[in-house]
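Let me begin by presenting the structure, written as structure tokens, before commenting on it.
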Amino acid sequence: MHNAPHMKLRLAVLLLAALPAFAQTAFPTDDVALDSLFLLRHVSGTTMNPGTRLPHLVSGGDTWSFFHSFNAHVTYVSESGPEEQRNETFSTNWLTAGVHGQLGERMSFLVRGRVSAEPYTIPEEGYPQILQYVSPEGGQVLLDRMRPHDLIGEAAAEIAFRTTQTSFLHLYAAAIGDPALGAPPAALRASGTDFAEAPLSWDVQESFHHKTSVITLGYSSKVLNLEYSVFHDAISTPDYTEIETDGDIDSSSMRLTLMPTRNMAIQVSRGELGEDDLTKREITSASIGYVTDAVATTALWTRRETETGPASTAYGLELTLRAARSTIMGRAEWVDRPTDLFLTRDPFVPTVEQTAHFTVGYLYDVLAGSRYRAGIGVNIDYHQNTHELEELAEERYGHKPQSIYAFVRFRTR
């Protein structure tokens, strides 16, 4: 049993090494081709980025095909502000692979897995990120550090039945997967995948993306998606190599996505997670995403309500501009935090306090092929509202805390 996580990592490495051996096939991007590859457009669970570009590299024929995509950052972070600076090196990464097939003229299916080596490339206590907060629902309580992704992020199968030329009924089932709730996670989002670090609002805005026993039924057309999920509100182990897969289904969610054009997606969703009074919570999410080859932007709003404390709200705006080998990134976030983290009020009276965070970055691709890219870049985090914190907190963070993330990035496309 103790060797199981290492065996899973070896399998993931072997899979990554074997993928380049597949002969690559170019697929057209017209509307008819995109519709015939409907399932391949899903990046996490049944969530898709707007735009006309497939998220994966695809190889094979018309009936059977293999696909894969990956993203890896090797990052050096240096902080300024706190009296004791932290300088560390870590890697964020993920790999998705699977098979897609056609069953006659109307049926198609997909089997997909996603893994991450982050439990081995990031310490259990996470990588440095000033003013980041992860609650118990996110795996373990962390402050000023961001947790790794789980070793296995998705193990799922999906089947679709074409009802018309451009509409589908589809069923998604995952031992580990993403329910129909919220926008795509930042690591897979078209506007967020090039950032070296996670959003500061991750706990409110993204901690619900990784669940077990997920079943989603959906209807999708060119202009709307309507989906309903049931799942188990699982929490990963502190070392992020395992997650509970045999728990009872105790949660549900529903999501409506409108697509006025291929390049725009507007989603609203709501979920009820857990059944224990200490962990039960309701999540409401809304977002607008717009993606072309040159621009990717997302505006997000998320609200989390619990039985035991005040509601927390997060707002976010991401913008990525791409031109030839250069990428410019920007992210702005406003997120509620429990005030007892900063001792600004009576810690026995549960309240929240909003903090503001801004990230800017630049990336230059040394390799910019049609299938793989490799580049070097930098992200700079800047935080506001810290001067309003109590003296003890200001001594901890300094007057104007900020972090610089210098990185090398490898990815498909």
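Annotation: the span from Thr46 atom OG1 to Leu181 atom CG amounts to 10.5 Å, rounded to 0.5 Å. Rounding to the nearest 0.5 Å places OG1 of Thr96 at 6.0 Å from NE2 of His56. If you take CD on Glu227 and CZ on Arg255, they are separated by 4.5 Å, rounding to the nearest 0.5 Å. Rounded to the nearest 0.5 angstrom, Phe208 CZ and Asp233 CG are separated by 11.5 Å. Annotation: the span from Gln132 atom CD to Arg147 atom CZ amounts to 11.0 Å, rounded to 0.5 Å. A distance of 13.5 Å separates OH in Tyr315 from CD in Glu333, rounded to the nearest 0.5 Å.
Thr284 and Arg270 share a donor-acceptor pair across their side chains, judged by distance under 3.5 Å alone. Neither side chain, Ser44 nor Thr47, offers a donor N or O lying under 3.5 Å from an acceptor on the other. Checking Thr313 against Arg303 by side-chain atom types alone, a donor-acceptor pair falls below 3.5 Å. Counted by atom type alone, Ser135 and Asp203 present one or more donor-acceptor pairs between their side chains at under 3.5 Å. Side-chain polar atoms of Gln129 and Ser403 form no donor-acceptor pair below 3.5 angstrom. With hydrogens and angles left out, the side-chain atoms of Thr216 and Ser229 include a donor and acceptor closer than 3.5 Å. The closest side-chain donor-acceptor pair between Asn263 and Thr261, if any, does not fall under 3.5 angstrom. Of the N and O atoms on the side chains of Thr355 and His357, at least one donor lies less than 3.5 Å from an acceptor on the other residue. If you check the side chains of Thr193 and Asn71, you find a donor sitting under 3.5 Å from an acceptor.
Between the side chain of Thr237 and the main chain of Glu242, a donor-acceptor pair closer than 3.5 Å is present. Between the side chain of Glu79 and the backbone N or O of Gln85 there is no donor-acceptor pair closer than 3.5 Å. Remark: the backbone N or O of Ser167 is paired with a side-chain donor or acceptor of Thr163 at under 3.5 angstrom. Distance alone, capped at 3.5 Å, places no donor-acceptor pair between the Arg411 side chain and the His73 backbone. Between the side chain of Gln205 and the main chain of Pro199, no donor-acceptor pair closer than 3.5 Å is present. Side chain of Thr297 to main chain of Leu319: no donor-acceptor pair is present (N/O by atom type, distance under 3.5 Å, no hydrogens or angles). When atom types are taken as modelled, the side chain of Arg325 and the backbone of Asp365 share a donor-acceptor pair closer than 3.5 angstrom. Put simply, the side chain of Thr241 never gets that close to the backbone of Leu151: no donor and acceptor are under 3.5 Å apart. When atom types are taken as modelled, the side chain of Trp202 and the backbone of Met146 share no donor-acceptor pair closer than 3.5 angstrom. At distances below 3.5 Å, not a single donor-acceptor pair connects side-chain atoms of Ser201 with backbone N or O atoms of Val204.
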For Tyr133 and Val141, run side-chain contact (heavy atoms from CB on, under 4.5 Å): C-alpha distance rounded to whole Å, both residues' side-chain angles, the deciding distance at 0.1 Å, then the answer.
CA-CA 7 Å; Tyr133 171 66; Val141 176; 4.2 Å; yes
Worked check of side-chain contact (heavy atoms from CB on, under 4.5 Å) between His210 and Glu154:
CA-CA 8 Å; His210 190 197; Glu154 188 172 33; over 6 Å; no
Please walk me through it: do Val74 and Phe407 pass side-chain contact (heavy atoms from CB on, under 4.5 Å)?
CA-CA 5 Å; Val74 179; Phe407 60 87; over 6 Å; no
Verify side-chain contact (heavy atoms from CB on, under 4.5 Å) between Ile243 and Ile152, making sure each step is shown before the conclusion.
CA-CA 8 Å; Ile243 189 169; Ile152 300 177; over 6 Å; no
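The shortest heavy-atom contact between Tyr172 and Asp178 is OH-N, 3.5 Å. Residues Val43 and Pro55 approach most closely at CG1-CB, 3.5 Å, considering heavy atoms. When every heavy atom of Ser253 is checked against every heavy atom of Phe231, the shortest pair comes out as OG-CE2, 3.8 Å. In terms of heavy atoms, Pro148 sits closest to Ile122 at CG-CG2, 3.7 Å.
In terms of the ring pair (Phe, Tyr, Trp, His ring centres under 6.0 Å) criterion, His209 has no residue partners (sequence neighbours excluded). Under the ring pair (Phe, Tyr, Trp, His ring centres under 6.0 Å) criterion, Phe109 pairs with Trp64, not counting sequence neighbours. By the ring pair (Phe, Tyr, Trp, His ring centres under 6.0 Å) test, His42 is found to be paired with Phe38, His170, residues two or more places apart in sequence or in another chain being considered.
Counting non-hydrogen atoms of other residues, nucleotides and ligands closer than 6.0 Å to CG of Asn87 gives a total above 12. By the neighbour-count criterion of 12 heavy atoms within 6.0 Å, atom CG of Leu321 is densely surrounded, having more than that number from other residues, nucleotides or ligands.
Taking the charged nitrogens against the carboxylate oxygens, Glu318 and Arg189 do have a contact shorter than 4.0 Å, which makes a salt bridge.
Ring pair Tyr405/Phe90 is perpendicular by interplanar angle, where above 60° counts as perpendicular and below 30° as parallel.
The shortest side-chain heavy-atom distance between Lys211 and Leu273 falls under the 4.5 Å cut-off. Leu224 has its side chain out of reach of Met259: every pair of non-hydrogen atoms, C-beta onward, lies at least 4.5 Å apart. Taking the side chain as every heavy atom from C-beta outward, Phe168 and Leu39 never approach each other to under 4.5 Å. Asp336 is listed as a side-chain neighbour of Gln354, based on a closest heavy-atom distance under 4.5 Å. Side-chain contact check for Leu54 versus Phe67: every heavy-atom pair is 4.5 Å or farther apart. For the pair Asp194 and Arg409, the minimum side-chain heavy-atom distance is below 4.5 Å. Taking the side chain as every heavy atom from C-beta outward, Leu200 and Asp381 approach each other to under 4.5 Å. By the 4.5 Å heavy-atom criterion applied to side chains, Tyr240 and Glu118 are not counted as neighbours.
A cation-pi arrangement is present between Arg331 and Phe195, with the terminal nitrogen or guanidinium carbon under 6.0 Å from the aromatic centre and inside a 45° cone about the axis.
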